[in-house]
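This is a predicted model, so every value here is computed, not measured. Just so you know, residue 1 is the first one in the sequence shown, and it goes up from there.
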Amino acid sequence: MPEFLLLGLTSDPKQQGWLFASFLAMYLVNVAGNSVIIAAIRRDACLHTPMYFLLSSLSLVDICFTSAIVPRMLANMMSKSKKVPFAQCLTQMCFFVAFGITDSFLLAVMAVDRYTAICNPLLYSMTMSPRRYLLLVMVSWVLSHLHSLTHMILMARLSFCGPNVIHHFFCDVQPLLTLSCSDTSINELLAFTEGSFVIMSPFALITVSYIFITHAVLRVRSERGRYKVFSTCRSYLIVVALFYGTIIFVYIHPSSTYSVTKDHVVTVIYTVVIPMLNPFIYSLRNKDMKQALKKLLRRVE
């Protein structure tokens, strides 16, 4: 099995120190913030609804998503040897793809939940029953991990006999494909076609759902009523715009146009920054979450 040299964000020792501190701080904020969101939702009976169950699921996936990348990246920064065994690289790629797609699917499920609550409120309790939204979350996890496993199996069959330097801070699909000396046409076809499908299908579902939601809200005569409905969707739309904007920028293009250097900043945003910001985005503009967090803090004290 080959070994790879994972170069990271920079080879400048002067920059390694502040980069290590910055990413460690963002990782700890991510884990702590999302853990608090999960704990607040579990402890507050008022938040035992489909919307908040999905939010807690998203927080869990955000922790897993970042944990698949940042700990290894931090260890790599502190190590003189940048070598990563092929098996570890393949495992990291597998979990990164799995949790990234799960994130995408859960955002789509959350859009369906909001569409049902706003456009068909009388059918909401029947449509989004506990059994059904639990099933949707389970299907999201299973499908994303099956997709990731397919990538892993196809990557494992490739030969790596040339350069072994990965110009990235984690083992992603495209950087590994560029190093292979085998025929990667099947891998590239999967990455571009099915990869585009699992990203763009949830995005399309979200877009259609919010077109109907917007149409329904605009029919509300009360300005206060319209504001109240839009305010419940605002945080979600910010997360969707950040997540899909960066994901589409990095992945929805042919491998011939791939440039790790160009994509570094954008990749850091969706792998580290967005999962860290999600707890703040969802809690600061949500009265129910603010009250739940206050209750949790009082219990801790």
Side-chain angles (χ1 to χ4, degrees), residues 30 34 37-38 50-70 92-116 128 132-152 170-174 189-211 213 233-253 258 263 266-279 281-282:
N30 168 28
N34 283 296
I37 292 289
I38 295 170
M51 182 178 75
Y52 289 106
F53 173 78
L54 294 172
L55 177 57
S56 63
S57 300
L58 185 68
S59 294
L60 175 61
V61 173
D62 279 342
I63 293 173
C64 296
F65 184 50
T66 310
S67 296
I69 299 169
V70 177
Q92 185 185 51
M93 182 205 74
C94 181
F95 282 116
F96 162 73
V97 173
F99 292 125
I101 296 173
T102 306
D103 226 332
S104 178
F105 285 167
L106 286 179
L107 288 172
V109 175
M110 291 173 77
V112 172
D113 173 74
R114 290 298 83 204
Y115 164 76
T116 308
M128 293 302 290
R132 185 160 296 177
Y133 64 71
L134 184 60
L135 179 63
L136 288 170
V137 171
M138 290 175 63
V139 168
S140 298
W141 278 75
V142 170
L143 289 180
S144 60
H145 281 72
L146 286 176
H147 176 81
S148 176
L149 187 62
T150 305
H151 270 294
M152 186 177 180
F170 70 98
C171 297
D172 200 359
V173 176
Q174 291 294 352
L189 183 65
L190 176 71
F192 187 67
T193 55
E194 192 188 355
S196 300
F197 177 77
V198 297
I199 293 172
M200 296 308 298
S201 294
F203 182 67
L205 181 60
I206 292 168
T207 303
V208 171
S209 296
Y210 270 85
I211 288 173
I213 289 172
C233 304
R234 188 187 308 156
S235 300
Y236 171 82
L237 291 174
I238 292 171
V239 172
V240 167
L242 289 172
F243 181 79
Y244 282 103
T246 51
I247 287 281
I248 291 170
F249 179 86
V250 173
Y251 290 105
I252 309 301
H253 54 62
Y258 179 75
D263 295 341
V266 181
T267 306
V268 167
I269 291 173
Y270 80 80
T271 56
V272 183
V273 177
I274 294 175
M276 178 194 69
L277 292 178
N278 280 354
I281 294 172
Y282 280 113

Exercise: identify the closest heavy-atom pair between [X] and [Y]:
X	Y	answer
Pro202	Tyr244	CB-OH, 3.4 Å
Asp172	Met93	C-CG, 4.3 Å
Ser104	Val198	OG-O, 3.6 Å
Ile269	Thr246	CG2-CG2, 3.7 Å
Asp103	Val61	N-CG1, 3.9 Å
Ile213	Ala111	CD1-O, 4.4 Å

* Asked: Which class fits the ring pair Phe99 and His145: parallel under 30°, tilted 30 to 60°, perpendicular over 60°?
  ->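 Phe99 vs His145 ring planes: perpendicular.
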Rounded to the nearest 0.5 Å, what's the gap from [atom1] on [X] to [atom2] on [Y]? Could you check?
X	Y	atom1	atom2	result
Tyr270	Ile248	OH	CD1	12.5 Å
Met128	Leu134	CE	CG	11.0 Å
Ile206	Ile211	CD1	CD1	12.0 Å
Phe105	Ser201	CZ	OG	7.5 Å
Ile274	Leu242	CD1	CG	4.5 Å
Asn278	Asp62	CG	CG	4.5 Å

Can you tell if the side chain of [X] reaches within under 4.5 Å of the side chain of [Y], non-hydrogen atoms only?
X	Y	answer
Val272	Ile69	no
Tyr236	Met110	yes
Val137	Phe53	yes

* To do: Can you spot which of Phe170, Phe95, Phe96 makes a ring pair (Phe, Tyr, Trp, His ring centres under 6.0 Å) with Phe65?
  =>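 Only match with Phe65 under ring pair (Phe, Tyr, Trp, His ring centres under 6.0 Å): Phe96.
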* Does Tyr133 have any side chain to side chain donor-acceptor pair (under 3.5 Å) partners at least two apart in sequence or in another chain, and if so, which? ->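 For Tyr133, no residue satisfies side chain to side chain donor-acceptor pair (under 3.5 Å) once neighbours in sequence are set aside.
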* side chain to side chain donor-acceptor pair (under 3.5 Å) involving Asn30 - partner list, sequence neighbours excluded ->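 Listed in chain order: Asn34, Thr66.
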* For Ser140 and Thr102, indicate whether the former's side chain and the latter's backbone hold a donor-acceptor pair under 3.5 Å. =>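 The answer is no, because no donor-acceptor pair under 3.5 Å joins these two groups.
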* Asked: Within the side chain of Thr116, is there an N or O that forms a donor-acceptor pair under 3.5 Å with the backbone of Val112?
  ->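 At least one qualifying donor-acceptor pair exists.
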